[in-house]
K.L.:
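Before I ask anything, here is the structure I am working with.
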Amino acid sequence: MRSRCAALLGLALAAPPAAADPFEDFGTAMKYGLPLAAAVCAADQHRLEDFAVRGALQAALVWGLKEYFDGTPISRRPNGEGKGFPSGHTAAAFFGAADLAGKCFDDKPLAGAAAYGAAGLTGWSRIESGAHTPEQAWTGALIGLSLGAASFGIGTDKVSFSIGMKF
């Protein structure tokens, strides 16, 4: 089960670029790849319902904040467009990374570090591409990390919060 998660993470990290900027493409691949790898692990561990609820909440929170703050200075992207607060790419990547590190790679700290590193590079790619400010990326990271590390206990008998990467 964990080997499948690691294999999916490896495939996501090795995804070929589809457009002109490979770094930006990497960030987009991690937006989908990290949560996908975490979903496979969640299914293997019979906690897919909890994962899905937390994922939907993460997406709804990001979307709601983008709508609420649209037209305000905090939401203005470096390229001048709106709906930049918070970074959805970064939130999704950190959501997947936190779930993987805390629930799937809890006994493999280097795998957890790789997942968090890929999520961090996703945030950096969004800043580097001019799609987000550092504040927008950090906020997305905090949202994703918080909901990815949480467990609402749906389908189980416990609620928890686990960051992962024990050394």
Side-chain angles (χ1 to χ4, degrees), residues 8-9 12-13 15-39 41-42 47-105 112-154 159-165:
L8 280 174
L9 180 59
L13 292 172
D21 184 0
F23 190 42
E24 187 175 0
D25 292 338
F26 172 83
T28 299
M30 292 303 98
K31 170 189 177 182
Y32 298 108
L34 289 167
L36 177 62
C41 178
R47 54 180 188 81
L48 189 57
E49 296 87 0
D50 188 82
F51 177 86
V53 168
R54 290 181 294 112
L57 182 57
Q58 178 267 140
L61 181 58
V62 167
W63 178 81
L65 288 170
K66 284 180 179 287
E67 290 296 323
Y68 182 79
F69 286 105
D70 191 32
T72 65
I74 196 169
S75 190
R76 190 170 302 115
R77 296 172 185 258
N79 63 11
E81 295 177 11
K83 296 189 180 180
F85 180 82
S87 168
H89 282 68
T90 309
F94 269 92
F95 174 78
D99 188 85
L100 285 169
K103 298 168 185 68
C104 304
F105 301 149
Y116 282 125
L121 287 173
T122 299
W124 182 253
S125 78
R126 304 304 291 160
I127 295 166
E128 192 69 22
S129 70
H132 291 286
T133 65
E135 295 81 9
Q136 293 166 346
W138 274 108
T139 304
L142 289 173
I143 291 169
L145 177 69
S146 298
L147 288 166
S151 176
F152 296 157
I154 298 170
V159 174
S160 66
F161 187 84
S162 176
I163 297 294
M165 290 182 30

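Given the structure is predicted, the values throughout are model-derived calculations rather than measurements.
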K.L.:
Rounded at 0.5 Å granularity, tell me how far CZ in F51 sits from SG in C41.
P.N.:
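With rounding to 0.5 Å, CZ (F51) is 9.0 Å from SG (C41).
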
K.L.:
To check you understand the geometry: which heavy-atom pair defines the closest contact between G96 and A38, and what is its length?
P.N.:
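Here G96 and A38 meet closest at O-CB, 3.7 Å.
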
K.L.:
Taking only residues two or more places apart in sequence, or in another chain, which ones meet E67 in a side chain to side chain donor-acceptor pair (under 3.5 Å)?
P.N.:
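If we apply the side chain to side chain donor-acceptor pair (under 3.5 Å) test to E67, skipping adjacent residues, the hits are K83.
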
K.L.:
Show your working on side-chain contact (heavy atoms from CB on, under 4.5 Å) between I127 and W138 and close with a plain yes or no.
P.N.:
CA-CA 10 Å; I127 295 166; W138 274 108; 5.9 Å; no

K.L.:
Quick one: NZ on K31 to CG on L36, what's the gap to the nearest 0.5 Å?
P.N.:
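K31 NZ to L36 CG: 13.5 Å, rounded to 0.5 Å.
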
K.L.:
Distance check, rounded to the nearest 0.5 Å: M30 atom CE versus S125 atom OG?
P.N.:
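Nearest 0.5 Å value for the CE-OG distance: 10.0 Å.
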
K.L.:
Does the pair T139 and I74 meet the rule for a side-chain contact (heavy atoms from CB on, under 4.5 Å), with working shown?
P.N.:
CA-CA 11 Å; T139 304; I74 196 169; over 6 Å; no

K.L.:
Run the salt bridge (charged side-chain N to carboxylate O under 4.0 Å, His left out) test against R47 and tell me which residues pass, sequence neighbours left out.
P.N.:
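Checked R47 against salt bridge (charged side-chain N to carboxylate O under 4.0 Å, His left out); matches are D99.
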
K.L.:
For E81, enumerate each residue passing the side chain to side chain donor-acceptor pair (under 3.5 Å) test, keeping only those at least two apart in sequence or located in another chain.
P.N.:
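E81: no side chain to side chain donor-acceptor pair (under 3.5 Å) contacts found.
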
K.L.:
For the atom pair CZ (F23) and CG (D25), what is the distance rounded to the nearest 0.5 Å?
P.N.:
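Going from CZ on F23 over to CG on D25, the span is 11.0 Å.
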
K.L.:
Could I get the full list of ring-ring contact (aromatic ring centres under 6.0 Å, His included) partners for F69, not counting sequence neighbours?
P.N.:
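So F69 forms a ring-ring contact (aromatic ring centres under 6.0 Å, His included) with F85.
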
K.L.:
So, for F105 and G112, which heavy atoms are closest and what is the spacing to 0.1 Å?
P.N.:
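For F105 versus G112, the nearest heavy atoms are CD1-N, 3.8 Å.
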
K.L.:
State whether D50 and R54 are salt-bridged, where the test is any N-O pair (Lys NZ or Arg NE/NH1/NH2 against Asp/Glu carboxylate O) under 4.0 Å.
P.N.:
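Yes.
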
K.L.:
Would you compute the distance between atom CD of Q58 and atom CD1 of I143 and round it to the nearest 0.5 angstrom?
P.N.:
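Rounded to the nearest 0.5 Å, the CD-CD1 separation comes to 7.5 Å.
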
K.L.:
Can you tell me if F152 has over 12 outside heavy atoms packed within less than 6.0 Å of its CZ?
P.N.:
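It does: F152 CZ has more than 12 such atoms within range.
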
K.L.:
Shortest non-hydrogen contact from A98 to A149?
P.N.:
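Shortest heavy-atom contact: CB-N, 3.6 Å.
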
K.L.:
Using every non-hydrogen atom in the two residues, find where L34 and A93 come nearest and quote the distance to one decimal.
P.N.:
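Looking at all heavy atoms of both residues, the closest pair is CD1-O, 3.5 Å.
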
K.L.:
Where the side chain of R77 meets the backbone of G82, is there a donor-acceptor pair that is under 3.5 Å apart?
P.N.:
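Checked: pair present.
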
K.L.:
Calculate, to the nearest 0.5 Å, the distance between atoms OG1 and CG belonging to T90 and L142 respectively.
P.N.:
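Here the rounded value is 10.5 Å.
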
K.L.:
Give a yes or no answer on whether the side chain of H132 reaches the backbone of P86 with a donor-acceptor pair at less than 3.5 Å.
P.N.:
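Not a single qualifying donor-acceptor pair exists.
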
K.L.:
Check whether R126 reaches the backbone of A131 with its side chain - one donor and one acceptor, N or O, closer than 3.5 Å.
P.N.:
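No; judged by distance alone, with no hydrogens or angles, the pair does not exist.
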
K.L.:
Not counting sequence neighbours, which residues clear side chain to side chain contact (heavy atoms under 4.5 Å, CB included) with P35? List them please.
P.N.:
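So P35 forms a side chain to side chain contact (heavy atoms under 4.5 Å, CB included) with A92.
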
K.L.:
Sequence neighbours left out, what passes ring-ring contact (aromatic ring centres under 6.0 Å, His included) with F94? Give chain and number order.
P.N.:
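Listed in chain order: nothing, the list is empty.
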
